A.B. asks: 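Take a look at this one; I'll ask things after.
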Protein chains: 2
Amino acid sequence: MHEIKQNTLYLGTLAKGLQVLRAFDETHTELSLSGLAEITGLDKSAVQRLANTLHVEGMLDKDPVTRRYRPSHAWLQLAYAYYWSDPLVARAIPKLIDLSRRLGETVNLAELSGERIIYAARLPCTRTIFAASVPGRTVPALSTSGGQAILATFPAAEREVAIRDWHLHAHTSSTTVDRAEISRQIDDVMRLGYAITYHQMIQSEVGIACAIRGPDGRSRAAVHCSVSSHHWDDARIRAEILPWLMDAANTI
Amino acid sequence: MHEIKQNTLYLGTLAKGLQVLRAFDETHTELSLSGLAEITGLDKSAVQRLANTLHVEGMLDKDPVTRRYRPSHAWLQLAYAYYWSDPLVARAIPKLIDLSRRLGETVNLAELSGERIIYAARLPCTRTIFAASVPGRTVPALSTSGGQAILATFPAAEREVAIRDWHLHAHTSSTTVDRAEISRQIDDVMRLGYAITYHQMIQSEVGIACAIRGPDGRSRAAVHCSVSSHHWDDARIRAEILPWLMDAANTI
DNA sequence: TCTAAGATATCATTATATGACACTTGTGAT
DNA sequence: ATCACAAGTGTCATATAATGATATCTTAGA
């Protein structure tokens, strides 16, 4: 029955424990034993043992009355450890703080994580939806200015593979799902040195991003700014946001 | 030999896997197998299996050349799931954004986690040390204005136990380690409705906090603001920061 | 080039996780 | 208030899956 990972270096119990942790997301903020069993597809008894162990070890809080499990503060402590381990975050944060004060708009550090962009650091400056104010959110790289800015620094072959194969999802009615169109957009990014996208993840949201280049010229992260199209027209974005954004990206 | 937790509901393998995750912190940002074995106190072979499993499951990145492990982006995604699960964060963030714009200073959501305060949400507004700009950091509750503000809402008996027993650590030369003095400070907090501490975690840092009260009057979190004593004297703090801070805490 | 320290691989042994089942507790409907 | 069903908790024989000692391979430093 068991996985092809039937290697002696692979501990199934630990992997299942991680499955339980990852069962929690935007829509599943607290889960009962049976809920966990359903989502993970694991045996009822197994989930009981896994959840209990995670609880005893302080990784899950348990509501004594509803008996439902919730992520514990330990999850934030893991994030704290992550932040120290990511050298880019430490270098970017001071610049992002300056940038956000200067622009008065939300700025992010967007990192490439597989086929997706993860917002590693966020400085929300204006009331916005919750998902846009907390770090750790991931979105398809092809659909964001951050992802396009990063992809534009890739060698042609890799870029084409990415544009052809990477996952896309129509988050809004205006999300670009035509890969040829995305390819053209990325050509523009290469020419201009920055990326702008409209209404990709949220309606009336404009994303502007500049890649942070490594010593090899290749980028794995971008400085990203998100503004409302109601408050900012194209000309003002290019005049008042872009210069500072590019400066920040280049000095990180 | 094994733990007193020799319960059939306790999965040792999973617990050891978590130990490996928690081996990473401020000072250990990337670890080799032998490093992990040393920190966790686990068998070399066990660590090999645990780390390999965590790597395969995407919880640890592995540098192909140094063979050292680092926290992966998955750690941030866990934090993202945490944020959705914590009802206080969602309610606090819009208020914190307003507050930080108004004050132009760093504001935090401080939650009580055992004997410590954890900064669940942070909006850094001014360049500061790295540890103060990323969420997930924990500090002893007794040594922070946030912790004192929360403790001041506790019934007398619990408060006294906390002041007597909770852990203290002299982070700076000015950290208050005299528990009688802390008790007096908390009495002041109860009278005034807010807490101010000086030089507790960092030199020349002033912390100001107001408790966020639940329907039962008891508090589990506080709105916290951190400023430099070079730029703010006591009078200005009380006149220009406190009113807004208390307003924010009361409306969350 | 040599030498250790560290990483990877192997394997017999048995401890440890498994999952079916029974039991208990809570919840919502009648 | 009672009942019935769903959900949570506990037990146990079984064999899978974790163990840790050892051996081999790799890397970095002398």
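Computed over heavy atoms, backbone and side chain alike; hydrogens, waters and symmetry mates excluded. On a predicted model such as this, the values are computed, not experimentally measured, just so you know. Chain naming here is simple, since letters A, B, ... match the order of the sequence lines and numbering starts at 1 in each.
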A.B. asks: Examine D/dT26: is either OP1 or OP2 under 4.0 Å from a nitrogen or oxygen in the side chain of B/Arg67? Give yes or no.
C.D. replies: no

A.B. asks: Tell me, do B/Trp84 and A/Phe130 make a side-chain contact under 4.5 Å, heavy atoms counted?
C.D. replies: yes

A.B. asks: Which residue lies toward the 5' end of DNA chain D, A/Arg49 or A/Thr66, if each is placed at its nearest nucleotide?
C.D. replies: A/Thr66

A.B. asks: Considering only heavy atoms and no angle criterion, is a donor-acceptor pair shorter than 3.5 Å present between the side chain of B/Arg68 and the base of C/dG6?
C.D. replies: no

A.B. asks: Which nucleotide sits closest to the side chain of B/Leu9: C/dA17, C/dT8, D/dG10?
C.D. replies: D/dG10

A.B. asks: Got a second to check how far B/Leu109's CG is from B/Leu96's CG, nearest 0.5 Å?
C.D. replies: 6.0 Å

A.B. asks: In this structure, how many angstroms lie between the P atom of D/dG8 and the CG atom of A/Leu31, rounded?
C.D. replies: 10 Å

A.B. asks: Once you round to the nearest 0.5 Å, how far does NZ of A/Lys16 lie from CG of A/Asp43?
C.D. replies: 9.0 Å

A.B. asks: Answer whether the closest heavy-atom distance between the side chains of A/Leu14 and B/Leu18 falls below 4.5 Å.
C.D. replies: no

A.B. asks: Between the base of C/dG6 and the side chain of B/Lys44, is there a donor and acceptor pair under 3.5 angstrom?
C.D. replies: no

A.B. asks: Over how many whole Å does the gap from A/Gln48 atom CD to C/dT24 atom P extend?
C.D. replies: 15 Å

A.B. asks: Atom CG of A/Leu11 and atom P of D/dA18: how far apart are they, to the nearest Å?
C.D. replies: 5 Å

A.B. asks: Between D/dA21, D/dA7, D/dT19, which one does the side chain of B/Ser45 approach most closely?
C.D. replies: D/dA21

A.B. asks: Which nucleotide in the list C/dT18, C/dA20, D/dT9 gets nearest to the side chain of A/Leu33?
C.D. replies: D/dT9

A.B. asks: Does a side-chain N or O from B/Lys16 land closer than 4.0 Å to OP1 or OP2 of D/dA18, or not?
C.D. replies: no

A.B. asks: So do the side chains of B/Ser143 and B/Met201 get within less than 4.5 Å of each other, counting heavy atoms only?
C.D. replies: yes

A.B. asks: According to a strict under-4.0 Å criterion, is A/Ser34 in side-chain N/O contact with OP1 or OP2 of D/dG8?
C.D. replies: yes

A.B. asks: May I have the distance from B/Leu42 (atom CG) to D/dA21 (atom C1'), rounded to whole angstrom?
C.D. replies: 16 Å

A.B. asks: Between D/dC12, C/dA9, C/dC11, which nucleotide gets closest to the side-chain atoms of B/Thr8?
C.D. replies: D/dC12

A.B. asks: What's the CG-P distance between B/Asp43 and D/dG20, to the nearest Å?
C.D. replies: 5 Å

A.B. asks: Ignoring backbone atoms, test whether B/Lys62 places a side-chain nitrogen or oxygen under 4.0 Å from the OP1 or OP2 oxygen of C/dT8.
C.D. replies: yes

A.B. asks: Should A/Thr13 be listed as having a side-chain N or O under 4.0 Å from OP1 or OP2 of D/dA17?
C.D. replies: no

A.B. asks: Per the end-axis method with five pairs at each terminus, what is the bend angle of the helix from C/dT1-D/dA30 to C/dT30-D/dA1, to 10°?
C.D. replies: 60°

A.B. asks: Looking only at side-chain N and O atoms, does B/Arg137 offer a donor or acceptor that is under 3.5 Å from a partner on B/Tyr119?
C.D. replies: no

A.B. asks: Taking atom types as modelled, find out whether A/Glu26 and B/Tyr83 have a side-chain donor-acceptor pair closer than 3.5 angstrom.
C.D. replies: no

A.B. asks: For B/Leu50 and D/dG20, what is the distance between atoms CG and P respectively, to the nearest whole Å?
C.D. replies: 11 Å

A.B. asks: Here's a test for you: under side-chain contact (heavy atoms from CB on, under 4.5 Å), which of B/Leu36, B/Thr29, B/Ile39 qualifies with B/Phe24?
C.D. replies: B/Leu36

A.B. asks: Distance check needed: D/dA7 P versus A/Asp63 CG, whole Å only.
C.D. replies: 17 Å

A.B. asks: Rounded to the nearest Å, what distance is computed from the OH atom of residue A/Tyr10 to the P atom of nucleotide C/dA9?
C.D. replies: 17 Å

